[in-house]
Each structure stands twice: as C-alpha cells, then as structure tokens.
Amino acid sequence: MTDDILVSIGELAHRTGLAVRTVRFYCDEGIVESRRSAGGHRMFDADSATERLLLVRRLRALGLGLDSITEVLRGKRSMAEAIAAESARLDLEFRSLAWRRASLRAVETAAPTQRAERLALLAAAQDGDAIHDCLARFWRRILAPVPRRWVDGWVCWNVPEPPADPSIDEVVAFAELATLVADPEMNSVVRQQLWRTRPELIRNRQGMYLHMGNLMVDVVALVSAGVRPHDGNELDRFVNVHASARGERDSPRFREQLLIGATDTDQRIHRYWALSGQLLGPRITAGTAHNWLYSALAGSIASPQRP
C-alpha cells in the first residue's frame with residue numbers, strides 16, 4: 001500500500017457504493033488491504049482499494065463467488081477464465097432447472113388417476129445427464145468385454161442425449177428408460193438378444209463385435225430404404241458371425257439354436273427401443289437393426305430348410 005492518499009472505511013464505502021460492514025468483511029477476508037491510523041482506525045489506499053473493490057462488486061453482480069474472485073485478484077486465474085467457469089456453471093444450472101420444470105409440468109398435466117404413478121416415475125429420475133450416464137453404464141455392462149472406446153461410439157449413436165430444454169414427453173421418456181434399465185431382468189434379456197444362445201462358447205467377443213458392427217451398417221441402410229426383413233446376404237452374414245465365433249458353421253440346426261431362448265420379442269426390449277427412437281428421431285438404432293435380423297432369421301426357419 002502506498003502513502004499517497006489514504007481514505008477511511010466510510011470514504012471507501014462511499015466511493016465504491018458498498019456498505020461499511022461489507023468493506024470491513026472484505027478487509028477481514030484479505031481481499032483489500034488496510035493499515036491503522038494513529039487512532040487505530042482502518043485506512044485504505046484511495047486508488048488501489050477503490051479499484052479493487054469496484055472489481056469485486058462488479059464480479060459479484062455477475063454472480064461470481066468470493067473464491068473465484070479471490071483467485072482473480074491473486075493472479076491464480078484470469079478474469080476471462082473465471083467468467084467462463086461461471087458461465088459453464090450456469091449452463092448446468094439452467095439445464096437442471098429446465099428438467100425440473102418439465103418434470104413438474106409432466107405431473108401437473110397427468111390425468112388425476114395417473115398422477116401418483118407419474119410422480120413416482122419422475123421422482124426417481126430427476127436429472128437428464130444422470131439418466132444418460134445410467135444408460136451408458138448399462139450398455140457398457142451388456143457389451144463387456146468390448147473395449148470402452150468402441151462402446152463409447154456405440155453409446156453415442158444409440159443412447160439419446162438429454163435436451164437442454166426438454167418437453168414433457170421427453171422427460172417422461174427418459175425417466176421410463178431409466179426405469180427399464182433398472183429392472184434386474186433387463187440386463188439378462190438384452191444380453192441374450194445380443195449374444196444369443198450359448199454365449200459361453202464365444203471365443204472372441206471383441207472380434208465378433210467388430211464383424212457385427214460392419215453388418216449393422218448395411219442393415220441400417222436396408223431399414224432406411226424400407227426393405228423388409230428377408231433371407232439373404234445380411235442374414236447369412238449374421239448367422240456366420242455367430243457360428244464362427246463359436247467354432248461352428250451355418251446350418252438349419254444352428255439357425256434354430258440361435259432362436260432358442262430368444263428374447264427379441266420381450267416387451268421391455270421393444271419398449272426401450274421405441275422410447276429411444278422417440279428421442280432420437282429418424283436415426284436407425286442398433287435395436288431396430290437387430291429386430292430386422294431377428295425377423296429375417298425367424299422367417300428363414302419358417303421357410304423350407306436349406307440343404
């Protein structure tokens with residue numbers, strides 16, 4: 001502090017538009033320095049203290065906390081960095097508030113006889129980002145031991161991102177998805193759909209995942225073009241992927257084995273992918289592609305046997 005011009009706490013409060021008790025608080029917190037006069041009163045450097053407290057006041061007006069402001073004053077963080085961090089925090093807060101608002105409206109607009117059920121559904125899934133993380137964890141368990149980086153790509157395509165400002169239908173759909181994957185039986189029925197019968201015989205799940213992924217790209221194209229499920233190249237590749245992974249060959253008997261204990265028609269699976277489709281829009285999901293292949297496989301079994 002210089003000895004150029006010193007002002008009292010009252011004068012400093014007047015210069016900055018702050019209350020005296022507020023200036024005293026900032027002084028006690030070490031945000032602004034003071035010295036004692038001969039009479040024991042706090043005295044402040046007029047220019048530096050005024051400039052410092054005006055900066056504090058303006059940053060506080062933007063909602064920055066004292067910890068962030070102190071870091072700026074001490075040079076640990078630039079003003080731009082502090083403001084960017086606060087802006088990011090507000091984005092998260094607004095997303096949370098928007099989700100809560102849509103949830104409240106969803107309960108409010110529900111029929112009286114359905115209100116308690118909807119309240120229970122939404123109360124268990126209040127945050128969209130948390131639901132997305134829950135869905136991602138579910139698929140990582142299902143697809144294990146496929147490497148995380150591969151699964152992340154799968155999740156990016158098939159798991160909907162929560163919107164920043166969701167509608168009533170969207171929060172209800174996300175909440176229902178969270179409820180579905182929380183069902184202890186959902187894990188086993190989905191694993192059965194993906195890995196099918198006798199999964200313990202699969203020698204290389206990662207290799208199988210890669211081959212199946214390449215096939216799914218072609219099946220998605222067929223679904224997009226409106227091609228109905230049928231016996232042919234895509235189904236042959238599907239069966240061969242499963243057969244090769246188990247050290248077997250495509251045959252009528254093996255095709256029948258692939259349908260043993262099939263869970264493709266489980267209503268929970270259909271509901272999951274219907275909700276996902278509602279949230280993802282026109283995107284063709286892996287669930288839709290798998291359903292196409294299942295229908296083709298079931299149809300091939302019903303048709304005359306291959307030699």
Side-chain angles (χ1 to χ4, degrees), residues 135-159 181 185-266 268-270 272-273 276-277 283-307:
L135 299 177
R137 288 194 301 271
F138 172 80
W139 286 109
R140 290 187 189 113
R141 292 194 301 270
I142 294 295
L143 295 171
V146 174
R148 172 72 175 265
R149 65 184 184 278
W150 297 356
V151 177
D152 286 347
W154 194 98
V155 167
C156 183
W157 182 261
N158 293 284
V159 176
V181 300
E185 293 183 2
M186 188 67 168
N187 185 80
S188 60
V189 296
V190 174
R191 287 182 68 86
Q192 175 70 14
Q193 182 196 29
L194 295 187
W195 302 111
R196 312 211 72 83
T197 187
R198 299 181 299 162
E200 69 279 1
L201 298 181
I202 298 174
R203 301 170 177 179
N204 181 358
R205 292 201 180 202
Q206 295 183 22
M208 178 178 169
Y209 176 86
L210 286 177
H211 289 302
M212 195 64 71
N214 292 331
L215 168 60
M216 288 299 168
V217 172
D218 295 336
V219 174
V220 164
L222 293 178
V223 175
S224 298
V227 177
R228 296 178 62 83
H230 61 273
D231 196 352
N233 177 62
E234 289 76 25
L235 178 59
D236 291 344
R237 289 166 60 193
F238 176 75
V239 176
N240 279 326
V241 168
H242 277 284
S244 298
R246 294 167 171 81
E248 299 194 33
R249 299 177 62 182
D250 184 1
S251 67
R253 174 177 168 275
F254 184 78
R255 293 190 175 210
E256 290 176 354
Q257 289 178 344
L258 286 180
L259 291 177
I260 294 175
T263 58
D264 301 79
T265 58
D266 190 290
R268 289 165 295 188
I269 292 178
H270 280 271
Y272 179 94
W273 289 115
S276 296
R283 185 183 306 175
I284 306 300
T285 64
T288 302
H290 270 286
N291 190 57
W292 191 98
L293 287 165
Y294 166 76
S295 298
L297 176 62
S300 76
I301 298 300
S303 63
Q305 296 276 319
R306 291 185 169 198

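Along the sequence shown, residues are numbered consecutively beginning with 1.
The backbone N or O of Asp152 sits nowhere less than 3.5 Å from a side-chain atom of Trp139 that would complete a donor-acceptor pair. With hydrogens and angles ignored, the 3.5 Å screen pairs no side-chain donor or acceptor of Arg246 with any backbone N or O of Ala243. In terms of modelled atom types and a separation under 3.5 Å, the side chain of Ser276 and the main chain of Trp273 share no donor-acceptor contact. Remark: the backbone N or O of Gly261 is paired with a side-chain donor or acceptor of Gln192 at under 3.5 angstrom. Side chain of Trp195 to main chain of Ile142: a donor-acceptor pair is present (N/O by atom type, distance under 3.5 Å, no hydrogens or angles). In this structure a side-chain-to-backbone donor-acceptor pair under 3.5 Å is present from Arg283 to Trp157.
Counting all heavy atoms, side chain and backbone alike, Tyr209 lies closest to Trp150 at OH-O, 3.5 Å. Residues Pro229 and Ala296 approach most closely at CB-N, 3.7 Å, considering heavy atoms. Shown here for Ala136 and Val155, the closest heavy-atom pair between the two residues is CB-CG1, 4.0 Å. Here the shortest heavy-atom pairing between Val146 and Gln206 reads CA-CG, 4.2 Å. Scanning all heavy atoms of the two residues, the minimum distance from Ile284 to Ser224 falls at CG1-OG, 3.4 Å. Nearest heavy-atom pair, Phe238 versus Leu258, reported as atom, atom and distance to 0.1 Å: CE2-CD1, 4.5 Å.
With values rounded to the nearest 0.5 angstrom, Leu235 atom CG is found 7.5 Å from Trp292 atom CH2. Taking CD of Glu256 as the reference point, atom CG of Leu297 lies at 10.0 Å (rounded to 0.5 Å). If you take CE on Met216 and CG on Asp218, they are separated by 10.5 Å, rounding to the nearest 0.5 Å.
Counting only heavy atoms from C-beta outward, the side chains of Asp236 and Asp231 approach each other to under 4.5 Å. No side-chain heavy atom of Asp264 sits less than 4.5 Å from a side-chain heavy atom of Ile269. For the pair Ser300/Arg255, a side-chain contact is recorded, criterion being any heavy-atom separation below 4.5 Å from C-beta on. Side-chain contact check for Met212 versus Leu194: every heavy-atom pair is 4.5 Å or farther apart. Between Phe138 and Val159, the closest side-chain pair of non-hydrogen atoms is not below 4.5 Å. Here the side chains of Val219 and Val223 are in contact, with some heavy-atom distance below 4.5 Å. Put simply, the side chain of Arg205 reaches to within 4.5 Å of the side chain of Pro199, judged on heavy atoms.
Under the side-chain contact (heavy atoms from CB on, under 4.5 Å) test applied with Gln257, the options Arg196, Arg198, His242 reduce to a single match, Arg198.
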task: Tell me, with the steps shown, if Leu135 and Tyr272 meet side-chain contact (heavy atoms from CB on, under 4.5 Å).
output: CA-CA 11 Å; Leu135 299 177; Tyr272 179 94; 4.2 Å; yes
message: Pair Val181, Arg137 - check side-chain contact (heavy atoms from CB on, under 4.5 Å), show working.
response: CA-CA 10 Å; Val181 300; Arg137 288 194 301 271; over 6 Å; no
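With ring centers used as reference points, Tyr294 lies 6.0 Å or more from His290.
Ion pair Asp250/Arg237 not flagged as a salt bridge, since none of the NZ, NE, NH1 or NH2 atoms sits closer than 4.0 Å to an Asp/Glu carboxylate oxygen.
Atom NE2 of His230 has more than 12 heavy atoms from other residues, nucleotides or ligands within 6.0 Å. By the neighbour-count criterion of 12 heavy atoms within 6.0 Å, atom CZ of Arg141 is densely surrounded, having more than that number from other residues, nucleotides or ligands.
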